[in-house]
Enquirer: 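Can you read through this structure? Questions will come right after.
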Amino acid sequence: MTEFDLIRRYFTRDTPNALLGVGDDAALLKVSEGYVLAVSSDMLVSGTHFLPDADPFLLGHKTLAVNLSDMAAMGATPRWATLALALPDATPVKGTPLDTRPAAGLGADESWLEKFSAGFFALAQQYGVELVGGDTTRGPLNLCVTIFGEVPARQALRRSGAQLGDEVWVSGTLGDAALALAHLQGRIQLSDAEYAACAPALHQPQPRVALGLELRNIANSAIDISDGLLADLGHILEASKLAASINFSALPVSPTLRDHLQQALGKQCALSGGDDYELCFTAPIAHHGELQNISARLKLPLTCIGKIVAGTGCLVHDAAGNPIHMETSGYEHFR
Ligand code: ADP
Ligand code: MG
């Protein structure tokens, strides 16, 4: 199978919303009248962002999900994506110059591609996203999506928009993905039932696209939580030149994580666990009730966890107001 057969078989679908999709030197895209383009890339590297033996269907889902999450955090409607793939030697890609040995245990073959693309397209279809191009090459397994969305320019949710007195909110629950990862890495021993409860957060995150759209006229700032609440809220605070006061006991956690919340690792999962892909946003108190309505309508928990105050940094306190100190503030690559 040549590179072109591979692209045709696994990565070419109808793209009615593009002027031109896969097959030429570039795709041609037209943004809706009155909208601007929101563009973002996210790369998943074997061994860094996923384990080499990860389920290919779920990996296809996650590769797109983390990019959809960026659109959600921007308040943008996702429309198109491109996919740049480096595939190990076991995958039948011909005509590429590099010859890299297969990643141990990966076995990236046609059955892998079949499942990966099925996972990718299942999520793409759910959100009406079209794959309009990409690149396919040989190399250590590496998955990079660039996503294109659209948003009315002045309604885009920026990190820099938080205002003094805003409430700080998060969607869903925090820390389950990090708890599942800690179990896989042997840093904690979960029961089978506990692992089954938190593993979907790690392997099949649900991007909060519908919430992002609802927040367009409501939130002053937003970010998706990919590196942990403290690190990502920290980006809002830095960009907005403000501080936050966060009530640790208000953090929304699953029943599974709640059972481990007294341990340092549990606390760390809730405050600094990566890979949640929930949204963290700030909004004026006047919108508190409306946000509760949105939560009910979307059947998605939205929890107010604190407020924006003057100063710098993020103060986390318990219900009695005593500060909680944490060792690390999030996952940073190459540190
Ligand atoms: P070029 O050599 O002009 O860069 P390629 O041979 O790399 O073109 O790709 C041929 C066509 O297939 C292009 O339209 C490209 O966007 C598309 N393509 C390549 N890899 C992928 C992929 N993994 N998923 C979707 N489209 C792809
Ligand atoms: Mg190319």
Side-chain angles (χ1 to χ4, degrees), residues 1-31 37-50 52 54-71 76-103 106-150 204 207 209:
M1 188 167 57
T2 69
E3 177 188 346
F4 301 103
D5 294 334
L6 186 156
I7 295 165
R8 201 174 307 120
R9 183 170 307 174
Y10 298 109
F11 298 109
T12 307
R13 302 278 172 101
D14 281 350
T15 54
N17 296 325
L19 299 177
L20 188 62
V22 169
D24 213 310
D25 295 309
L28 299 173
L29 311 173
K30 192 170 190 299
V31 190
L37 207 50
V39 182
S40 171
S41 294
D42 245 321
M43 190 189 292
L44 269 62
V45 178
S46 179
T48 304
H49 301 97
F50 58 90
D55 179 287
F57 183 92
L58 297 179
L59 196 53
H61 170 102
K62 188 165 178 175
T63 301
L64 183 59
V66 301
N67 283 273
L68 290 172
S69 179
D70 284 318
M71 293 291 103
T77 308
R79 301 278 326 261
W80 306 284
T82 61
L83 171 64
L85 285 174
L87 299 168
D89 203 24
T91 324
V93 182
K94 290 207 184 89
T96 39
L98 280 176
D99 184 0
T100 312
R101 293 295 112 200
L106 178 69
D109 47 18
E110 288 205 45
S111 121
W112 188 94
L113 281 166
E114 180 83 52
K115 292 175 187 136
F116 175 83
S117 69
F120 184 97
F121 280 114
L123 190 64
Q125 198 174 6
Q126 190 183 334
Y127 287 97
V129 172
E130 298 180 345
L131 185 65
V132 295
D135 199 21
T136 307
T137 185
R138 186 166 302 218
L141 185 61
N142 191 321
L143 313 160
C144 182
V145 166
T146 298
I147 192 151
F148 304 83
E150 54 186 26
Q204 209 165 10
V209 174

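As the structure lists them, so they are numbered: ligands from 1, and atoms in each ligand from 1.
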Enquirer: Look at the aromatic rings of F121 and F11 and report parallel, tilted or perpendicular, splitting at 30° and 60°.
Expert: tilted
Enquirer: For a side chain to side chain contact (heavy atoms under 4.5 Å, CB included) with T82, tell me which candidate from V22, V132, D135 qualifies.
Expert: V132
Enquirer: For a side chain to side chain contact (heavy atoms under 4.5 Å, CB included) with W80, tell me which candidate from T15, L37, L131, V39 qualifies.
Expert: L37
Enquirer: Just jot down the ligand 1 atoms closer than 4.0 angstrom to any heavy atom of D24, in number order.
Expert: 13 (C), 14 (O)
Enquirer: Once you restrict to heavy atoms under 4.0 Å, what part of T136 touches ligand 1? Side chain, backbone, both or neither.
Expert: both
Enquirer: Could you see which bit of L85 sits under 4.0 Å from ligand 1, with heavy atoms only: side chain, backbone, both or neither?
Expert: side chain
Enquirer: Is the closest heavy-atom distance from F4 to ligand 1 below 4.0 Å?
Expert: yes
Enquirer: Roughly how far, to the nearest 0.5 Å, is the CG atom of L113 from the CG atom of L85?
Expert: 7.5 Å
Enquirer: Please check if the number of heavy atoms outside Q126 that lie under 6.0 Å from its CD is greater than 12.
Expert: yes
Enquirer: For atom 7 (O) of ligand 1, which of the options L143, V145, T12, D135 provides the nearest non-hydrogen atom?
Expert: D135
Enquirer: Please could you name the atoms of ligand 1 that D25 approaches to less than 4.0 Å, counting only its heavy atoms?
Expert: 3 (O)
Enquirer: For L83, take its heavy atoms, then give the atoms of ligand 1 lying under 4.0 Å from any of them.
Expert: 22 (C), 23 (N), 24 (N)
Enquirer: Which value, rounded to the nearest 0.5 Å, describes the distance between Y10 atom OH and D5 atom CG?
Expert: 10.0 Å
Enquirer: Of the side chain and backbone of L131, name the one, both, or neither that has a heavy atom under 4.0 Å from an atom of ligand 1.
Expert: side chain
Enquirer: If you count the atoms of ligand 1 from 1 in the order shown, which ones are under 4.0 Å from a heavy atom of G133?
Expert: 16 (O), 24 (N), 25 (C), 26 (N), 27 (C)
Enquirer: When rounded to the nearest 0.5 angstrom, what is the spacing between NZ in K62 and CG in L143?
Expert: 11.5 Å
Enquirer: Hey, what do you get for CG (L20) to NZ (K30), rounding to the nearest 0.5 Å?
Expert: 15.5 Å
Enquirer: Decide whether an N or O pair under 3.5 Å exists between G134 and ligand 1.
Expert: yes
Enquirer: Which atoms of ligand 1 have any heavy atom of G23 under 4.0 Å away?
Expert: 11 (C), 13 (C), 14 (O)
